Protein chains: 2
Amino acid sequence: MGNPTLTDVARLAGVSENTVSRVVRDKGPIAEKTRRRVMDAIEQLGYVPNRAAGSLASASSPIIAVLLPSLSNIVFPDVLRGIHAGLAGTAYQAMVGVTDYDPEKEQALLASLLAWRPAAVITTGFDHTPESRKMLMDDRLRVAELMDIDGQPIDIAVGLSHHGAGRATARHLLARGYRRIAYVGHDWSTDRRARRRYEGIVAGLSEAGLSLTAKCRHDGPSSTLAGRRALARLLSDNIAVDAVIFSNDDMAVGGAMHCLAEGIRVPERLALFGFNGLEIGEALPQPLSTIRSNRFLIGRKAVETLLETRKRPDEPLIIDTGFDIVEGATA
Amino acid sequence: MGNPTLTDVARLAGVSENTVSRVVRDKGPIAEKTRRRVMDAIEQLGYVPNRAAGSLASASSPIIAVLLPSLSNIVFPDVLRGIHAGLAGTAYQAMVGVTDYDPEKEQALLASLLAWRPAAVITTGFDHTPESRKMLMDDRLRVAELMDIDGQPIDIAVGLSHHGAGRATARHLLARGYRRIAYVGHDWSTDRRARRRYEGIVAGLSEAGLSLTAKCRHDGPSSTLAGRRALARLLSDNIAVDAVIFSNDDMAVGGAMHCLAEGIRVPERLALFGFNGLEIGEALPQPLSTIRSNRFLIGRKAVETLLETRKRPDEPLIIDTGFDIVEGATA
DNA sequence: ACAATTTATCTCAGCGCTAACATATTTCTC
DNA sequence: GAGAAATATGTTAGCGCTGAGATAAATTGT
């Protein structure tokens, strides 16, 4: 019983423990002959280094703590994919916690993840409890705040301007001649970025001297079903509307389904616009007009930047992964 | 600099290190008065236990290694949600690796995750390299193999019978009077469970003396777009077909989109059937007929069962989370 | 060929915690 | 109120690895 340890390998290879350690970590000069001998011993014993011991001795662990608000729609799994892509081939491991958009939960998870002395923390947005903020302020810790860049990052922020995306949406629809624009959204007490986009939309319209013709907010998380129902509700008020901006693609796809079911001609009678650029939008009978957020890129870029240097930059760094308007056929 | 340690807390509280350790881990008898004193000291110093040290000393870590084939569609994030739900409130943490359906990658990730001496490993399916299998055989390690139960588990398996689900699909369509049934699928060299369902479909049809009227396989991962295109291709052959079974809901939703775009009446002219029971299927103009796989439950149940007892059962345990036919309106 | 480098390896203390056992303190029993 | 039993706390020896510095071996320059 008991897995083989460095000592076992060292004994078998006839070298000191430290030499084995150096071979394993590929650190410091090693004679090729010695390396081979050590590698053979490792192979023979099936040695797997004990990371707990390594972390303890080096006072740092190859762990990246990742705090995501949710895994319920594909957005954050996409970010997570990006994170894993950035981590692939390194010795680092992601340790994920799900906060359910709750800063208190974030704080609790953060405390428990910090117990591993991670090399970095990846979290979302700029809303943290004061306690969380205090923990994240520690200069020895790298911190990435993802998704949003409209704020003051602790260390680095990677994402896009949601206000800008909202504004771009408004301008796009205005340029296409739509004037009676409505908004269909979901609960943004949790999803602050949806709110930022909304504010951007309002700002964009107001620059043209306009405002939203109507709005309808579903009181809960976004979903296709919610979008479908919310659009139905909005239209039942019989206010003249020629375009609807949805809080995201899930909602927008639901809206498209409502139009299909009710025979509402899109975009002639009603234009639809989403946000995120999900694959499902492309597969609709008419591809959804939307804005592509580069979620995978956000995750990957965050990891790459964090691993680039062990130390924080002098000034908080903002990495804008941008967004693209996807023309589609619904607006 | 340097975080406060057990020793610091012990000194401040005027007790021995071990007492602090026992308070922190809530283990062994502690006088209420002592506990309070220690807690105060912990609070005052902002002490966070070092898990690396703990793991080293106790030769086990509160880590659950999770190996998922993909994060690209919502299926595995759903499982992961279940895992996190099961883990919430415990001291355990999930450490996730993504294998891209590649047993070699699984093996590499497994080796690297084992370096943390996790309490358990959660992986998917029964296909592992011999080396992986050897690592998983270690009796001190709990192992859960998720998604499928048609096989011989190492320790426990949690999931559903994909063969059974395929068979149920065939029977359901037969009972509804469909006879010319086609199959539209994706690449199953990686996704073995899709293949098992296919085999179940064939078996179900064959019990009624029938076989598939036509089939079309997209050479790549499943997606809405792939489903849409594959159905178009299938129908372009002009073979009389009155129902199509898709390898999963992503593909089926794509198929539904094709029908919407082409004005094919569903289910009168063509019935559609999926697999998974995704939310998007419910939001279609006609709710998709499909089979609900209880993905969240699979993840949660796996964790709960693993944490129930530290030791493996004498006999490999199979936990059937079942499946439900979702009637829908497309078949 | 001898010192000055460079390269390769070793020695050893200690990271922060836990397990096992020893010891002290309180509570009960008759 | 003495001893047994239960409860509460302390002592000590590592867990397996890494970092710093010491030492040895090979290479270079002159």
Side-chain angles (χ1 to χ4, degrees), chain A residues 1-39 41-42 45-63 91 112 114-119 140 310, chain B residues 1-39 41-42 45-63 91 112 114-119 140 310:
Chain A
M1 89 153 291
N3 304 48
T5 71
L6 260 197
T7 316
D8 300 325
V9 176
R11 190 158 25 206
L12 181 59
V15 297
S16 77
E17 299 183 21
N18 190 296
T19 301
V20 178
S21 173
R22 265 168 13 236
V23 169
V24 170
R25 287 177 300 144
D26 207 14
K27 215 176 183 185
I30 293 285
E32 191 47 37
K33 222 176 103 184
T34 313
R35 154 175 278 119
R36 289 196 60 76
R37 209 137 42 84
V38 171
M39 288 305 233
I42 287 173
L45 293 173
Y47 168 72
V48 176
N50 183 326
R51 292 242 185 269
S55 300
L56 178 59
S58 67
S60 82
S61 73
I63 286 180
S112 111
L114 251 25
W116 293 101
R117 303 289 125 93
R140 287 161 301 173
R310 266 190 99 53
Chain B
M1 92 153 289
N3 305 46
T5 71
L6 259 196
T7 317
D8 299 326
V9 177
R11 191 159 21 206
L12 180 60
V15 296
S16 76
E17 299 183 22
N18 194 305
T19 302
V20 178
S21 173
R22 279 193 324 257
V23 169
V24 170
R25 287 176 300 144
D26 208 14
K27 216 176 183 184
I30 293 285
E32 191 47 37
K33 222 176 104 185
T34 314
R35 154 175 278 117
R36 288 196 61 77
R37 207 136 43 84
V38 171
M39 287 306 234
I42 287 174
L45 294 173
Y47 168 71
V48 177
N50 183 325
R51 292 241 186 270
S55 300
L56 179 59
S58 67
S60 82
S61 75
I63 286 180
S112 112
L114 252 25
W116 292 100
R117 305 289 126 95
R140 287 161 301 173
R310 266 188 102 53

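Quick caveat: nothing in here was measured; it's all calculated off a predicted structure. Chain identifiers are assigned alphabetically (A, B, ...) following the order of the sequence lines, protein sequences preceding nucleic acid strands; residue numbering begins at 1 within each chain.
Rounded to the nearest 0.5 angstrom, B:Thr5 OG1 and B:Leu45 CG are separated by 9.0 Å. Here the CG atom belonging to A:Asp8 is positioned 11.5 Å from the CD1 atom belonging to A:Ile42, to the nearest 0.5 angstrom. With rounding to the nearest 0.5 Å, the separation of OG1 in B:Thr7 from CG in B:Leu12 is 12.5 Å. Taking OG1 from B:Thr19 and CZ from B:Arg37, the interatomic distance works out to 9.5 Å, rounded to the nearest 0.5 Å. Atom CG of A:Leu56 and atom CG of B:Asn50 lie 6.0 Å apart (nearest 0.5 Å).
Distance CG (A:Asp8) to C1' (D:dG16): 10 Å, rounded to an integer number of Å. Atom CG in A:Asn50 sits about 6 Å away from atom P in D:dC17, given to the nearest Å. Following rounding to the nearest Å, A:Arg51 (CZ) and D:dG16 (C1') show an atom-to-atom distance of 13 Å. Following rounding to the nearest Å, A:Arg37 (CZ) and C:dT9 (P) show an atom-to-atom distance of 8 Å. Between the CG atom of B:Leu56 and the P atom of D:dG14 there is a distance of 14 Å, rounded to whole Å. Atom-to-atom, CG of A:Leu6 to P of C:dC10 comes out at 13 Å; the value is rounded to the nearest Å.
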Under 3.5 Å between N/O atoms: give me all the protein pairs with nucleotides 22-29 of chain C, atom names plus distance.
none

Identify the pairs formed between an N or O of the protein and an N or O of nucleotides 20-25 of chain D at a distance under 3.5 Å, and give each distance.
{"from": "D:dA20", "atom 1": "N6", "to": "A:Asn18", "atom 2": "ND2", "distance (Å)": "3.1"}

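Taking for each of B:Glu17 and B:Ala57 the nucleotide of DNA chain D with the nearest heavy atom, the 5'-most of the two is the partner of B:Glu17.
In this model, the phosphate group of D:dC17 is not approached by any side-chain N or O of A:Ser21 to a distance below 4.0 Å at OP1 or OP2. Contact check, B:Thr19 against D:dG10: a side-chain N or O comes under 4.0 Å of OP1 or OP2.
Residues from residues 25-35 of chain B with heavy atoms under 4.0 angstrom of DNA chain D, sorted by number: B:Pro29, B:Ile30, B:Ala31, B:Thr34. A heavy atom lying under 4.0 Å from DNA chain D marks the following residues of residues 9-16 of chain B, by number: B:Val15, B:Ser16.
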N/O donor to acceptor pairs below 3.5 angstrom from side-chain atoms of residues 24-35 of chain A, sequence neighbours left out:
{"from": "A:Arg25", "atom 1": "NE", "to": "A:Ser21", "atom 2": "O", "distance (Å)": "3.4"}
{"from": "A:Arg25", "atom 1": "NE", "to": "A:Ser21", "atom 2": "OG", "distance (Å)": "3.1"}
{"from": "A:Arg25", "atom 1": "NH2", "to": "A:Ser21", "atom 2": "OG", "distance (Å)": "2.9"}
{"from": "A:Asp26", "atom 1": "OD1", "to": "A:Arg35", "atom 2": "NH2", "distance (Å)": "2.9"}

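Taking A:Pro62 as the reference, A:Arg51, A:Ser55, A:Tyr92, B:Trp116 meet the side chain to side chain contact (heavy atoms under 4.5 Å, CB included) condition, with sequence neighbours excluded.
A donor-acceptor distance shorter than 3.5 angstrom exists from the side chain of B:Ser61 to the backbone of B:Arg117, with no hydrogens or angles considered.
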